[in-house]
J.: 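One structure, pasted below without further comment.
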Amino acid sequence: MSKLRFNAILDSQKRSSIPIEEKGRRSEQFGSNVFNEERMLQHLTKDALESVKGAVVSGSKIDRKIADQVAEAMKGWAINMGATHYTHWFQPLTGSTAEKHDAFFDLLPDGRVLEKFGGSQLVQQEPDASSFPHGGIRNTFEARGYTAWDPTSPAFIYGTTLCIPTIFVAYTGEALDNKAPLLRALHAVDHAATAVAKYFDKNVRKVNATLGWEQEYFLIDKSLAHSRPDIILTGRTLVGLNAAKGQQLADHYFGVIPSRVLSFMRHLEVECTKLGIPVKTRHNEVAPNQFELAPVFEEANLAVDHNQLLMDVMEKVAEIHNFKVLFHEKPFEGINGSGKHNNWSLATDTGVNLLSPGSTPMKNLQFLTFFVNTIKAVDTYEELLRSSIASASNDHRLGANEAPPAIMSIFIGKQLSGVLDELEGVSQGKLSPEEKTELKLNVVGKIPEILLDNTDRNRTSPFAFTGNKFEMRGVGSKTNCAKPMTILNTIMAKQLLAFKKEVDNLIASKNLKKDEAIFNVLREYIKTSKKIRFEGDGYSSDWEKEAKKRKLSNKKTTPEALQILTSKESLTLFKSMDVMSEVEVKARQEVELDTYILNIQIEGRIFTELVYNHIMPAALEYQNSLIVNVTGLKDIYGPTHKKFADGQLAIIKLISEHVTELKNKTDAMVDARRKANVMTDSKKKAYAYCDNVRPHFEEIRYHSDKLERLVDDQLWPLTKYRELLFVK
Ligand code: ADP
Ligand code: MG
């Protein structure tokens, strides 16, 4: 056994749980490190508070004097809380977060020192951020980029740093991050949904998209993780024989949380509570060492920030508990991977969830309106929505017999399907009084009761209605939720605008009543969006065939899935909704393709290292020991030695065969990589990596795993699955 593997196992066995002290109730601790409304009330003048609130609610600008006041108040509060530094906290296109700390401390020319933080430092910064991915934006335009305060997400203190959530844009205004397009999409959906919600309640002024994510992750002992170059550099195991016991006994799901893990979870929750992340649910997931954490849902921008922050905090807290947290979508072969369900809905400022059926026919018509429009939006833009969750790591789930398929479809349940079928039968134009009564009482009026019974949830559906929200299930565990949320809210905005226009037209031109017009438009939508509705088993091959007939897209790999982003229709959509310009969309596609290429490239390199420096030497060493054994037997028994050496000889032969194949496949992979690397067009290069490089990975793994099965455990250098998983 390699020293590294031996020591890692020894180390991991010594660990015990770290006691976590919690003082007071969590409700009292909640948001104690956040410059939230309560803090603002304490520290800001009335004018300043109104101004910040105005910016949050309607996006109004905050003037410089007010910004100075806010900055002063933030500084006072933060320094009192022990903060020494501040940072603009942003989400570049790397998918993670970025921060560059500056001390409050400053030195004046005359030698005096002071703590400085004014409106200008709060509102805008120009980090030298030229190394962030930009997809060509910064070559074509100015090189400079700046971060700008997002007052809709409150500042918080993490450690001793005041973090100010910001967007990151080029000097010329193009978004260089995931947050700016999200904010624009949220603005678009607010605008469109408010107009539609006003059909039902004149008092609605604002509609917020809501998001409740469910974060799945793996925890691995830190020393064990560090004994595997693949885990450290790619977040997943590239080789490794399945443990004899995996998840087949289903004894991990919702099982007793191991005490070491529970300490980590409690510690994490304490940190999250202080940061105002409303964590609520924790449990064991299906695979060994796999867990999930879910918060109470929030306004989507805040929820996105909180998920990004959570992932950062998790890594830090895991470190303290001697764990490494894995967010990769498929860290281990043979057991489940991880996702991040995105529960999504729309809520009015009057406190109504627009995807929740109500107690009156009118409220239910409102529900049906938003419900059917969502179906229609997803039907029209299914391929675009699929593209928003594409990544090299998520390819291991989508389209690979796990988690939701790469085909988008919507599950709504038998009862709601029944309601939509009945609505489809409504006659065109004006409704007779009988028809109206029937509709109101027996179709629309029955919805709440129906939903209570509607407990059959189809877990194989990528986009399922779950009573009062839609649940998007294909999102990868590593993914920044801003990406799917930007697309989902953009397509919803576009759809609701179209709906409003059609309804208003019918009212004006056909002299229909509002509800008649709404029924008429919904009926057409129900008819024309049928192909996206699917209630059956999303994992089955029959569905793949059926989906093909329905002309639904089925893009199994990232390079394919990303193509749609720059189609004429997509570009027009983003532009018309003011979410992204053509330059911004193209830049994003470029960055996504590059990231894909780089990820596969890194995996390829590590494969070579593992094969040549770890796996082959171990296999050959074992083979040598067998050869010594056989030679020894020959010395003792002469020509009859074969009788005693049959098994050894067979293993010697097998090892040679696998080593040869391992070498051939690895060299072929390197060769394919070389060919891909000279390509300059990122689309072609991504396809080359996808179609010519990646398929070798499985072949290499196959022979490596065969060798792991053959070779003496004492000689095997890489920590095994049974050692990595099953934390105590
Ligand atoms: P599950 O059975 O999938 O765990 P839950 O009903 O417990 O479902 O909710 C899962 C997630 O959905 C939670 O994060 C919750 O906050 C979120 N959620 C509930 N209602 C909404 C809503 N209206 N909008 C967005 N997310 C919501
Ligand atoms: Mg769920």
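Just so you know, these numbers use all the heavy atoms, side chains as well, and skip hydrogens, waters and symmetry mates. Both counts, for ligands and for their atoms, begin at 1 and track the order of listing.
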J.: Mark up the atoms of ligand 1 that fall under 4.0 Å of a heavy atom belonging to Asn353, in ascending order.
T.: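 Listed by number with element, the hits are 23 (N).
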J.: Is there any N or O on Ala294 that sits under 3.5 Å from an N or O of ligand 1?
T.: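 Not met; the criterion fails.
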J.: For ligand 1, is any non-hydrogen atom under 4.0 Å from Glu214's backbone (N, CA, C, O), its side chain (CB onward), both, or neither?
T.: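 Within the 4.0 Å criterion, Glu214 contacts ligand 1 through side-chain atoms alone.
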J.: Pull out every atom of ligand 1 sitting under 4.0 Å from any heavy atom of Val296, numbered as shown with elements.
T.: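 Matching atoms, with element in brackets: 16 (O).
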J.: Under a 4.0 Å N-O cut-off, is there an ion pair linking Arg26 with Glu269?
T.: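 A salt bridge links Arg26 with Glu269.
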J.: Between Asp395 and Thr558, do the side chains contain a donor N or O and an acceptor N or O under 3.5 Å apart?
T.: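 Their side chains do contain a donor-acceptor pair, which is all the 3.5 Å distance test asks for.
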J.: Can you list the atoms of ligand 1 that are under 4.0 Å from a heavy atom of Glu471?
T.: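 Those qualifying, in numeric order: 3 (O).
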J.: Aromatic ring centroids of Tyr158 and Trp89 under 6.0 Å?
T.: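 No, the ring of Tyr158 stays outside the 6.0 Å limit from the ring of Trp89, centre to centre.
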J.: Considering only heavy atoms, which of Trp344, Trp213, Phe297, Phe470 lies nearest to atom 21 (C) of ligand 1?
T.: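 Closest candidate by heavy-atom distance is Phe297.
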J.: As an exercise, identify every atom of ligand 1 less than 4.0 angstrom from a heavy atom of Gly212.
T.: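 This gives 14 (O), 25 (C), 26 (N) as the contact atoms.
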J.: Could Glu424 and Lys530 be called an ion pair, given the rule that one side-chain N must be under 4.0 Å from one carboxylate O?
T.: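 Salt bridge between Glu424 and Lys530, a charged N being under 4.0 Å from a carboxylate O: yes.
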J.: If you take the nearest heavy atom of each of Leu211, Asn343, Val279, which one is closest to atom 17 (C) of ligand 1?
T.: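 Answer by nearest heavy atom: Asn343.
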J.: I'd like to know whether the aromatic ring centres of Tyr381 and Phe463 sit less than 6.0 Å apart in this structure.
T.: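 Ring centres of Phe463 and Tyr381 not closer than 6.0 Å.
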J.: Is a salt bridge present between Lys206 and Asp190, judged by a nitrogen-to-oxygen distance below 4.0 Å?
T.: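 Between Asp190 and Lys206 there is a salt bridge, with a charged N closer than 4.0 Å to a carboxylate O.
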